[in-house]
Amino acid sequence: MKILAIETSCDETSISVVEASGGLDNPAFSVLSQVISSQTEIHAPWGGVVPNLAKRAHSENIVPILFEALEKAGLSAVADNPAPVPDSILEILHRETEAQTDFADRLPTIAIPDIDMIAVTKGPGLEPALWVGINFTRALSLYWDKPLIPTNHMLGHAVSALLSDETVTFPALALLVSGGHTEILSLDNWTDIKMIGETLDDAAGEALDKGARLLGLDYPGGREISLLADQARTENLEKKFDLPRPMLHSGDLNFSFSGLKTALLYTVKKLGEISDTDKKIIAREFEEAIIEVIVKKTFSAVLETGAQTIMTGGGVIANHNLREALKIEANKNNIKIIFPPTDVSTDNATMIAMAGYFDYLKNKNGADASEDIIRAEGNLGF
Ligand code: KG4
Ligand code: ZN
């Protein structure tokens, strides 16, 4: 089946069309189109995502992105008998923005696309941002008469590793490390999912972004820290600073990164002026502290659950040092670990289409788009 999916939970507006097949026994996905518009530059001056700026950018971008995604998937045939958009649907569209007013004129110009359903992220994420995608999807679902599947963004990150064409043997774990979340999920199959570890305060990506800011680096900081850390390695710079490994021996599967960020703050304050060399050495220590804790907790979870496969996802999983450290440990433990291709490690709508397929297989029906029953859930969990 063909799934159109819409993602607006944070600072990427993304729409994909994905062909899904194989059911729960043998799920397979092929990406017909994926369009992502990143708002990094808008939020960079603030050092983090500003919800109302994100909302406005989603509203401005979502219509052109829809047309681009449909066109790339070969689904933008001209309509023969365009039906005007009814007032009830216009009312839903106008809740989010005036930027969508021209949409009412453009929407009827294309024929109803050959898709089977529309998936949208309903949480977790920034609620003002989520609402843009939700109301836009409700309007589309009603106008085209297609089922609407509300999905969980973190399920999307969990299943994105399937795009690497690897198979998953259950029980499995999903290690999700992003700007908003650090979680370990336990999966008995594609629909029985439990969260068994999470961060008690900052997410790993958030700690990297805040740490980068303390070091005077650009936002988003994860990649910047990683680049400096790599320079410290290639230049063989000697370790000079000790940062803590929070919760390493806590005996559970939870994380905490805010103390690490505070320790970094004190290190930086104590130095006053930081030389470029010290920056590299600190970046390496900071990255290693985060990696060490993530690896330790993940393999404690393997022991606890008897997992056969580890799926990984989320923006921080793009970090090659983290990937290497996880691979080494997976080899030692003789367990399979799979990674999403880098372009679907960070937020995208392809993973939302994939999550939507599993939700559809579980529930076999869509939500009622005509009623106000699909709500943004900023803290949606499992
Ligand atoms: O999953 P994502 O795109 O958005 C959220 O849902 O949060 O993750 C974004 C996070 C940011 O904190 C960013 O600094 C981090 O992923 N990130 C990285 C790398 N690329 C992105 N962290 C470490 N190394 C990277 N190469
Ligand atoms: Zn994400």
Side-chain angles (χ1 to χ4, degrees), residues 5-14 34 36-40 43-44 46-51 54 58 121-126 129-130 133 151-161 174-183 185 198-199 202-215 217-231 233 255 257 260-261 283-284 286-291 293-295 311-326 339-352 354-355 378-381:
I6 297 180
E7 153 67 33
T8 65
S9 70
C10 191
D11 60 344
E12 261 95 30
T13 320
S14 178
Q34 170 175 277
I36 301 176
S37 163
S38 173
Q39 306 168 9
T40 303
H43 302 290
W46 280 266
V49 181
V50 185
H58 287 308
T121 307
K122 76 164 186 172
L126 306 168
L130 287 162
T151 62
N152 182 323
H153 181 86
M154 298 314 289
L155 177 63
H157 276 306
V159 300
S160 63
L175 168 67
L176 309 179
V177 197
S178 72
H181 297 267
T182 307
E183 291 176 0
L185 308 180
E198 66 181 317
T199 181
D202 290 356
E206 190 179 357
L208 284 163
D209 293 339
K210 289 177 177 168
R213 207 167 177 210
L214 292 173
L215 292 173
L217 307 174
D218 286 342
Y219 172 84
R223 219 178 135 259
E224 302 295 319
I225 296 235
S226 169
L227 288 173
L228 282 190
D230 283 344
Q231 287 172 21
R233 289 183 190 97
F255 301 87
F257 292 107
L260 177 61
K261 176 196 65 195
R284 177 182 179 173
F286 192 59
E287 185 185 70
E288 282 181 357
I290 290 178
I291 291 176
V293 181
I294 292 174
V295 172
M311 296 177 270
T312 61
V316 180
I317 290 293
N319 184 291
H320 69 104
N321 294 311
L322 174 59
R323 286 188 182 215
E324 272 319 300
L326 287 166
F339 297 93
T342 353
D343 67 325
V344 287
S345 291
T346 46
D347 289 349
N348 64 86
T350 298
M351 69 184 198
I352 301 307
M354 297 166 76
N379 296 317
L380 180 67

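Order of appearance sets the numbers: ligands from 1, and atoms from 1 within every ligand.
Considering backbone and side-chain N/O of Pro220, none are found under 3.5 Å from N/O of ligand 1. Residue contacts with ligand 1: Gly179 is placed with a nitrogen or oxygen under 3.5 Å of a nitrogen or oxygen of the ligand (distance criterion only). Checked by distance only, ligand 1 and Gly222 come closer than 3.5 Å through their nitrogen or oxygen atoms. Considering backbone and side-chain N/O of Asp209, one or more are found under 3.5 Å from N/O of ligand 1. For ligand 1, one of its N or O atoms has an N or O atom of Asp347 under 3.5 Å away. Among the atoms of Leu208, none of the N or O lies under 3.5 angstrom from an N or O of ligand 1.
Ser14 and Ile36 get closest at one heavy-atom pair: OG-CG1, 3.5 Å. Listed here is the closest heavy atom pair of Ala203 and Gly180: CB-C, 3.5 Å. Taking each heavy atom of Pro340 and Thr312 in turn, the nearest pair found is CD-O, 3.1 Å. For the pair Val159 and Ala355, the tightest heavy-atom approach, listed with the atom from each and the gap, is CG2-N, 3.9 Å. A pairwise comparison of heavy atoms in Val344 and Gln34 identifies CG1-OE1, 3.5 Å as the closest pair.
Protein heavy atom closest to atom 17 (N) of ligand 1, with residue, atom name and distance, is Gly315 O, 3.6 Å. Here the protein heavy atom with the shortest distance to atom 15 (C) of ligand 1 is Val316 CG2, 3.9 Å.
Note on His153: counted as a metal contact of the Zn ion (ligand 2), an N/O/S atom lying under 2.8 Å. At a cut-off of 2.8 Å, His157 is counted among the residues with an N, O or S atom near the Zn ion (ligand 2).
When each atom of ligand 1 is checked for a heavy atom of Gly205 under 4.0 Å away, the hits are 12 (O). Atom numbering of ligand 1 starts at 1 in the shown order; those under 4.0 Å from a heavy atom of Thr346 are 3 (O). Using a 4.0 Å cut-off to heavy atoms of Ser178, the atoms of ligand 1 that qualify are 1 (O), 5 (C), 6 (O), 7 (O), 8 (O).
Residue-ligand proximity: Gly180 is placed with a non-hydrogen atom under 4.0 Å from ligand 1. Heavy-atom distances between His153 and ligand 1 reach below 4.0 Å in at least one pair.
If you look at Asp347 and ask which of its N, O or S atoms sits nearest the Zn ion (ligand 2), the answer is OD1.
Side-chain contact annotation: Glu7 with Ser9, donor-acceptor N/O pair under 3.5 Å present. Side chain to side chain, Arg323 and Thr342 fail the donor-acceptor criterion of an N or O pair below 3.5 Å.
Proximity of His320 to ligand 1, defined as any heavy-atom pair under 4.0 Å, is not found for any part of the residue.
With hydrogens and angles disregarded, no donor-acceptor distance shorter than 3.5 Å links the side chain of Asn321 to the backbone of Asn319. Using a distance-only test at 3.5 Å, with no hydrogens or angles considered, no donor-acceptor pair links the side chain of His181 to the main chain of Gly205. Remark: side-chain polar atoms of Thr121 are not paired, donor with acceptor, to backbone N or O of His153 under 3.5 angstrom.
The aromatic rings of Phe255 and Phe257 lie parallel to each other, their planes meeting at an angle below 30°, with 60° marking the opposite boundary.
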